[in-house]
Amino acid sequence: MTARRPRGGGRTVHARFSVRELPGIAVTVPGEGPGGPDGLAAAARRTAQRALAEAGRGHLGGRVELRAPRSAARCPRRRRAVRRAADRAVALAVAAGLRGDTAGVHVAVRPPAPPRTAPPRTACGPP
């Protein structure tokens with residue numbers, strides 16, 4: 001009997017970028033239609049365009065395949081954490097694609113920080 005490692009199904013974002021000579025970025029996000037609810041595809045497109053321009057390859061285009069956890073719809077903080085991880089994953093995937101690496105990039109979704117609560121203020125100041 002072999003032990004299996006638990007998979008990080010809802011805690012990682014996977015991105016892969018393939019370079020093309022034609023300008024323009026095509027983004028594929030499974031489960032999200034055009035103009036999806038979270039706008040993850042549009043954000044990934046902007047991130048890929050920015051990464052190409054910063055690398056001096058703005059005249060190139062490509063295709064981004066992005067897989068993100070679906071649990072992002074639970075709360076706004078979780079959506080922001082997934083979007084930040086997707087931005088990092090796309091930027092790293094573009095850099096890897098420009099180097100000629102065909103493997104995908106996996107980026108962990110950092111858990112959202114708990115909301116800050118300040119201690120109650122009193123009218124007279126500290127006791």
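All values below come from the heavy atoms of this structure, side chains included, with hydrogens, waters and symmetry mates left out.
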Looking at every non-hydrogen atom in both residues, tell me the closest pair between V19 and G97 and how far apart they are. CG2-O, 3.7 Å
How long is the gap from CG on L92 to CZ on F17, to the nearest 0.5 Å? 13.0 Å
V27-V94 co-clustered via ILVMFWY side chain contacts under 4.5 Å: yes
Expected list for residues 55-64: side-chain donor-acceptor pairs under 3.5 angstrom, two or more places apart:
{"residue": "R63", "atom": "NH1", "partner": "E65", "partner atom": "OE2", "Å": "3.4"}

Under 3.5 Å, sequence neighbours excluded: what are the donor-acceptor pairs made by side chains of residues 42-53?
{"residue": "R45", "atom": "NE", "partner": "I25", "partner atom": "O", "Å": "3.3"}
{"residue": "T47", "atom": "OG1", "partner": "A43", "partner atom": "O", "Å": "2.9"}
{"residue": "T47", "atom": "OG1", "partner": "D87", "partner atom": "OD1", "Å": "2.9"}

Shared ILVMFWY cluster between L98 and V107, side chains joined below 4.5 angstrom? no
All heavy atoms of R67 vs all of P30, minimum pair found to be CG-CG, 4.0 Å
Reported CG-to-CG distance for the pair L66 and L40, which is rounded to 0.5 angstrom: 5.0 Å
Return the minimal non-hydrogen interatomic distance between R88 and A108, and the atom names on each side. NH2-O, 3.3 Å
Nearest heavy-atom neighbours spanning A85 and V13: CB-CG2, 3.8 Å
